[in-house]
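Take a look at the structure below.
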Number of protein chains: 2
Amino acid sequence: MPRGIEATLLAAVVEGRIKPGSKLSENQLAEAFGVSRTLVREALTRLEARNIVLVQPRKGWFVVEPSAEEAAEVYATRRILEYGFLINAAPFTEAQIADLQAHIEEERKAVDQNDKTRLTYLMGDFHVRIVKQSGNATLVETMRTLAARTNLISLRYQSEHNALASHKDHVAIFEAIARGDMKAAARLSYEHLEDVEAGIMIDTSPNAIDLLKNTLRLDEAPNGRG
Amino acid sequence: MPRGIEATLLAAVVEGRIKPGSKLSENQLAEAFGVSRTLVREALTRLEARNIVLVQPRKGWFVVEPSAEEAAEVYATRRILEYGFLINAAPFTEAQIADLQAHIEEERKAVDQNDKTRLTYLMGDFHVRIVKQSGNATLVETMRTLAARTNLISLRYQSEHNALASHKDHVAIFEAIARGDMKAAARLSYEHLEDVEAGIMIDTSPNAIDLLKNTLRLDEAPNGRG
DNA sequence: GTCGCGCTTCTTGCATACAAGATTGAAATG
DNA sequence: CATTTCAATCTTGTATGCAAGAAGCGCGAC
């Protein structure tokens, strides 16, 4: 059941039920899952390889609290990945568009009901769902991990994330994809992720973002913006 | 020493000293490293999370033999990542250009000396070195893992890889970066990785590539080619 | 010779035992 | 009362033991 433990813990992170910095006791998890520490450690080791948790020697396992640098890295990587995918992708098929539309509809419902746990999940899953259309499991897994890390960033830095603004961005990206304008979709996606990152960083420290953008040499807007 | 075990095994894969399909016995590795099976299993678990090895239950651990689909995924992801990075990156600084030039020089030496083990490593490391200039550890780690998987693909499918052709491509990409033409660099990188993939697939099955390109919806050339 | 069956051996799966550092709390001392 | 120190406890780190399935091999039957 080691994969089940990893998946369960990851789901808890993705849905925001486990906060960054939480301690994960091997013994408690072992008891909760009804297995020995061995399997728990295996699952935690896998999650550590994905930068979801980390172990402090002889102290314990903790859900990572992404530093500002880490946060910038994750967002930059997400932008690169999704932009690179969309800009080079063939226009989506009807079925693929329908799949995305179904997601957008779910988002809208969650916004209406103000279901925050579900929104947390859906906001990241939108981007996973986009790259999922490639059928590229490697790409999807990478994006899934980044989305999980993004949640930890949001939970740490963002007191109250503006789900409505994100949802509107998602709708705009969806509409560009739906009309076959992948170039616009790529650009909108890039800008959307920049905005989300900026919103989070402003919550923390007003000028932190400029500092970080200099660290990572990725602050040039894609063609068609400046 | 679990990290050391993982790093050692990964290095062996990256340098082509361990072939895809090789069996990795927990007992033998434990003896070789002078530790118990526990630490070996931890290292193997980490490598499994990176798709470098896999375990067949009750049978053993094996270095992955990437399927044609997997190979296509890895190349597609590399293209997306590197294209997305370069197209959005600011022009490189003098120091960054010098770093890449040093790598190109190393490649040239290895080509001259026909040092195949070193070439195997350098061919993948070039792309790692490019994204390294971002200072984005997340991005670098992702690319590093993909480069390792690419080596397994080459070793499995490519009887004799044309290092000279790849080197020339690398030089062209470097020159584009050096003159600050990131757009050209991105395009050249994309095409280079396409060519390498095509070369490998042709060795295997002449028409396999078309089949695969249809599976992944990523066969559109970036702007400026078709 | 060839096919099939069973035993032996080798493999990983998982639990457990013990070691050793980190933490916490209480007791003793100033 | 404050502070310090030591012991009890809790944490992970690593090795080991045992179970269970897979594979290889030899022997016997046909």
Side-chain angles (χ1 to χ4, degrees), chain A residues 1-13 17-67 70 141 145 148-149 152 156, chain B residues 1-13 17-67 70 148-149 152 156:
Chain A
M1 200 201 268
R3 277 286 175 64
I5 298 174
E6 183 187 8
T8 303
L9 288 174
L10 183 62
V13 167
R17 298 197 313 271
I18 298 185
K19 289 187 173 25
S22 304
K23 182 167 188 179
L24 299 174
S25 158
E26 292 184 4
N27 277 323
Q28 287 177 19
L29 289 173
E31 196 169 354
F33 283 100
V35 297
S36 79
R37 280 175 53 215
T38 306
L39 293 187
V40 171
R41 277 179 72 83
E42 185 181 328
L44 289 172
T45 298
R46 282 210 177 83
L47 288 172
E48 190 182 33
R50 299 171 74 174
N51 291 105
I52 308 295
V53 306
L54 65 83
V55 61
Q56 293 190 338
R58 309 270 176 196
K59 289 191 182 175
W61 295 85
F62 301 88
V63 177
V64 294
E65 300 184 85
S67 66
E70 241 180 292
E141 217 30 44
T145 299
R149 294 177 70 183
L152 295 178
R156 172 160 189 201
Chain B
M1 197 201 267
R3 278 285 175 64
I5 298 173
E6 182 186 8
T8 302
L9 288 174
L10 183 61
V13 166
R17 297 197 313 273
I18 297 184
K19 291 188 173 21
S22 303
K23 182 166 187 179
L24 299 175
S25 158
E26 291 183 5
N27 278 321
Q28 287 178 20
L29 289 173
E31 196 170 354
F33 283 98
V35 297
S36 78
R37 282 174 53 215
T38 306
L39 295 186
V40 171
R41 278 178 71 83
E42 184 181 329
L44 289 172
T45 299
R46 281 209 178 82
L47 288 172
E48 190 182 33
R50 300 170 74 175
N51 291 287
I52 307 294
V53 306
L54 66 84
V55 61
Q56 293 190 337
R58 309 270 176 195
K59 288 190 182 177
W61 294 86
F62 301 87
V63 177
V64 295
E65 300 185 83
S67 66
E70 243 180 291
R149 293 177 71 183
L152 295 177
R156 172 161 190 199

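Order of the sequence lines fixes the chain letters, A, B, ..., with proteins taken first and strands second; residue numbering starts at 1 for each chain.
- C/dC10 atom C1' lies 11 Å from atom CD of B/Gln28, rounded to whole Å.
- Residues forming a side-chain hydrogen bond (donor to acceptor under 3.5 Å, both in side chains) with B/Thr45 (at least two apart in sequence, or on another chain): none.
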Next item on the list: Let me see the working for B/Arg46 and A/Glu48 under side chain to side chain contact (heavy atoms under 4.5 Å, CB included), right down to the final yes or no.
Entry: CA-CA 9 Å; B/Arg46 281 209 178 82; A/Glu48 190 182 33; 3.1 Å; yes
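- Residue B/Lys59 places none of its side-chain N or O atoms closer than 4.0 Å to OP1 or OP2 of D/dG21.
- Residues passing the salt bridge (Lys or Arg N to Asp or Glu O under 4.0 Å) test with A/Glu70 are A/Arg149, sequence neighbours excluded.
- For B/Ala49, the side chain to side chain contact (heavy atoms under 4.5 Å, CB included) criterion is met by A/Ala49, not counting sequence neighbours.
- A search for side chain to side chain contact (heavy atoms under 4.5 Å, CB included) contacts involving A/Val13 returns A/Ile18, A/Ile52, A/Leu152, not counting sequence neighbours.
- For the pair B/Arg41 CZ and D/dA15 P, the interatomic distance rounds to 14 Å; values are reported in whole Å.
- Atom C1' of nucleotide D/dT11 and atom CZ of A/Phe62 are separated by 9 Å, given to the nearest angstrom.
- Listed by first and then second residue, the salt bridge (Lys or Arg N to Asp or Glu O under 4.0 Å) pairs that reach into residues 29-38 of chain A are A/Glu26-A/Arg37, sequence neighbours excluded.
- For the pair A/Gln56 CD and D/dT12 C1', the computed distance is 12 Å after rounding to whole Å.
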Look for any protein N or O under 3.5 Å of an N or O in nucleotides 16-20 of chain C and output each such pair with its distance, or none.
from, atom 1, to, atom 2, distance (Å)
C/dT16, O4, A/Thr38, OG1, 3.4
C/dA20, N3, A/Arg58, NH1, 3.3

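- Distance, A/Glu42 CD to D/dG13 P: 15 Å, rounded to whole Å.
- Among residues two or more places apart in sequence or in another chain, the salt bridge (Lys or Arg N to Asp or Glu O under 4.0 Å) test is passed with B/Arg17 by B/Glu15.
- If you check residues 19-27 of chain B against DNA chain D, you find no residue with a heavy atom closer than 4.0 Å.
- Every side chain to side chain contact (heavy atoms under 4.5 Å, CB included) that B/Gln28 has, sequence neighbours left out, goes to B/Ser25.
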